[in-house]
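Single-structure report; data block below.
Numbers restart at 1 for each chain; the letters A, B, ... are given by sequence-line order, proteins then strands.
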Amino acid sequence: MSVTIKKGSAAGTLTRPEVEDFLYAEAELLDEWRLPEWLDLFTDDATYQIPPTDIPADASPENNLFYIADDRYRLGERVKRLMKRTAHAEYPHSKTRHQVSNVRILSQDADQVEVACNFFTFRTKDDFNNIFFGKLLYLLTVSDGTIRIRSKRVVLDTNGLRNQGRISIIL
Amino acid sequence: MKPNGNDPLVMIDNDRHLFKVSRNNFTDPDVFVKERERIFSTCWLYLGHESELKKPGDFVTRVVGGRSILFNKDRQGNIRALFNSCPHRGSQVCRERKGNAKSFQCFYHGWVFGQDGALRNQPGEESYGHDFKNDPDSNMRQVPRLESYRGLYFLCYDPEAIPLVDYLGNAKEYLDVIFDQSVDGMEIIGGTQEYAMNANWKLLVENSIDGYHATSTHATYLDYLKSMEGGLTDVALRGVGKDLGKGHGVIEYTAPWGRPAGQWVSLWGEEGKQEIDALNARNEKLYGKEKADRIAYKNRNLLIFPNLIINDIMSLTIRTFFPQSPNLLHVNAWAAGPQEESAAARKFRLSNFLEFLGPGGFATPDDIEALEHCQLGYRNSEDVRWNDISKGMGLEQPAMDDEAQMRAFWREWSRRLTGSEETQGERA
């Protein structure tokens with residue numbers, strides 16, 4: 001899946017509605033478990049991180065214990081894993097609804113756009129329902145006429161994961 | 001009365017090499033109440049690590065054994081555990097998760113306490129009796145017992161408890177092997193994984209020292225390791241399981257993954273190899289070859305009864321957990337590492353941790369799924385009554401994928417709940 005952006009667009013000219021369309025499309029891929037296509041949204045040097053909630057939000061995974069700190073390789077392995085029947089935590093697949101709102105472009109240059117938005121994601125599996133919520137921080141870039149994710153950082157608002165238990169889906 | 005309400009908690013048949021645990025133990029509210037009284041109120045429970053309180057005034061609040069605790073260091077460097085309840089009306093005095101403070105003020109009526117919990121002042125002091133402040137009941141109460149071993153602080157709510165070092169017993173030597181990995185001392189690495197499972201806490205005890213489930217539960221993790229260039233050695237997964245007495249148990253084994261404590265994998269590069277070689281040479285000089293090899297090449301999943309797990313595996317993790325109800329547990333997990341460790345080694349340590357462990361890892365979520373489905377399966381406990389923990393029972397030296405270390409837990413658990421040394425046929 002790719003989101004149509006104006007021909008000849010570069011990171012420097014991306015508009016908020018274009019970014020919003022992209023984020024909605026990303027959410028749809030996740031809710032439909034089209035994870036290999038979702039992975040294609042990322043650049044080769046991309047990162048995907050979820051820090052714990054008892055350290056500063058800008059802390060580094062090199063000297064702090066995160067929930068998730070994937071480079072592009074491990075993110076690919078995460079997707080590969082989640083598509084297997086032996087990824088027991090997500091088999092049968094849970095149902096999810098990824099919601100994004102309050103989308104803002106924080107900064108923008110010729111190479112990339114820094115985006116923040118609020119999110120809440122509902123997950124249901126077996127008899128359990130979970131809600132994840134917080135803020136998403138993206139660095140987006142444009143290559144070959146499509147928007148790509150250079151980094152995605154999920155900043156949870158909850159104190160840890162007492163309600164959710166685990167992060168076995170992609171947020 | 002439920003049909004299994006009168007079953008023994010644990011049933012042992014030594015002749016037939018059978019060890020059965022009643023599924024009622026995982027669901028019965030009466031068992032839960034007795035556990036609070038006979039286990040979480042009398043055993044030594046892990047509170048935190050000294051490295052979490054680096055500076056005078058540092059504090060951490062934490063729920064331990066169902067109680068709200070303020071763990072802090074005063075300006076003289078004394079480390080304390082206080083019940084985080086105002087002596088006046090009971091409000092939690094400190095509402096921050098961690099920080100640094102010279103004093104603690106309860107916001108409800110404004111009482112102020114020192115770092116030692118002593119009442120310093122309160123609004124309207126003149127309306128109280130003249131020796132009100134001298135009454136110990138005016139102070140925040142200290143937890144009856146607080147002792148430490150190798151930087152690990154444990155508390156106990158039973159003033160009569162035996163000393164911590166005696167309680168640790170044979171587990172002490174394993175803690176030494178783990179904590180001797182560092183000469184400057186271990187530290188908790190920033191960031192706590194705080195998660196939960198809809199499962200009885202004893203399921204996580206078993207799972208944390210279970211060498212039997214890896215190939216089926218963690219198939220995708222093993223796939224991942226195999227596919228990763230240079231991620232594995234050809235060392236076999238092999239070792240022993242041990243009952244250490246007093247409810248403690250361990251599995252100790254070799255494994256193919258890289259260990260920042262001394263087993264290099266090619267993924268870590270030449271520089272990583274030099275560092276690991278230097279570490280092993282240092283340990284050999286300090287401790288002799290036999291112990292240095294054990295530090296480097298042996299993995300340990302250690303259970304300190306009832307609920308502390310120290311996994312010295314592809315990373316070093318300290319994990320403790322508490323039941324909220326028979327079918328819900330809360331987990332706190334930390335990564336630990338030597339203070340003297342290089343930035344590169346720290347990075348590998350954390351990367352190793354995240355691949356396998358924790359609620360976002362490639363393995364732990366599948367453990368959680370398994371334990372939650374055990375708990376769901378216990379809906380049938382009235383008809384399908386027993387768990388089997390017999391594996392390796394007749395063997396002189398049970399292997400790491402046998403269950404001797406779990407039987408150690410269950411024997412002690414049953415002894416404490418029933419007050420009897422004899423497990424078979426005993427009831428709580």
Apply the test side-chain contact (heavy atoms from CB on, under 4.5 Å) to residues B:D367 and A:R166: give CA-CA distance (whole Å), side-chain angles for both, the deciding distance (0.1 Å), then the verdict. CA-CA 11 Å; B:D367 286 314; A:R166 64 191 186 217; over 6 Å; no
Should A:K84 and B:D223 count as an ion pair when the cut-off is N to O under 4.0 Å? yes
Using a strict 4.0 Å threshold on nitrogen-to-oxygen distance, state whether A:K125 and B:E372 make a salt bridge. no
Applying a strict 4.5 Å limit to non-hydrogen atoms, the region of A:Y73 in contact with chain B is side chain
Would you say the side chain of B:Q193 lies within less than 4.5 Å of the side chain of A:L65, judging by non-hydrogen atoms? yes
Which atoms of A:N163 are under 4.5 Å from chain B, going by heavy atoms: the side chain, the backbone, both sets, or neither? neither
Any donor-acceptor N/O pair, A:R162 side chain to B:V331 backbone, under 3.5 Å: yes
In terms of heavy-atom proximity below 4.5 Å to chain A, should B:Y224 be classed as side chain, backbone, both, or neither? both
Interchain contact, B:I368 with chain A, by part (heavy-atom threshold 4.5 Å): both
Please identify, among B:L350, B:L357, B:T364, the residue contributing the most non-hydrogen atom pairs under 4.5 Å to chain A. B:L350
Pick from B:R349, B:K347, B:H330: which one has the most heavy-atom pairs with chain A under 4.5 Å? B:H330
Is A:Y67 reaching over with its side chain to a backbone N or O of B:E194, donor-acceptor style, under 3.5 angstrom? yes
With a 4.5 angstrom heavy-atom cut-off, which part of B:A370 approaches chain A: side chain, backbone, both or neither? neither
Which of A:N63, A:I50, A:N64 touches chain B most, by non-hydrogen pairs under 4.5 Å: A:N64
Beyond-backbone contact of A:E77 with B:F362, side-chain heavy atoms, under 4.5 angstrom: yes
Contact winner vs chain A - B:T217, B:L376, B:I188, heavy-atom pairs under 4.5 Å: B:T217
Interchain contact, B:S227 with chain A, by part (heavy-atom threshold 4.5 Å): both
Between A:P51 and chain B, which part of the residue has a heavy atom less than 4.5 Å away: side chain, backbone, both or neither? neither
Would you mind checking which part of A:T53 comes under 4.5 Å of any heavy atom in chain B, side chain (CB onward), backbone (N, CA, C, O), both or neither? both
For the side chain of A:R74 and the backbone of B:L354, is there at least one donor-acceptor N/O pair under 3.5 Å apart? no
With chain A, the option among B:A219, B:A335, B:A343 that has the most non-hydrogen atom pairs under 4.5 Å is B:A335
Honestly, the part of B:S351 sitting under 4.5 Å from a heavy atom of chain A is both
With chain A, which of B:Y195, B:F353, B:F348, B:W334 has the greatest number of heavy-atom pairs at distances under 4.5 Å? B:Y195
Chain B contact via A:I68 - side chain, backbone, both or neither, heavy atoms under 4.5 Å: both
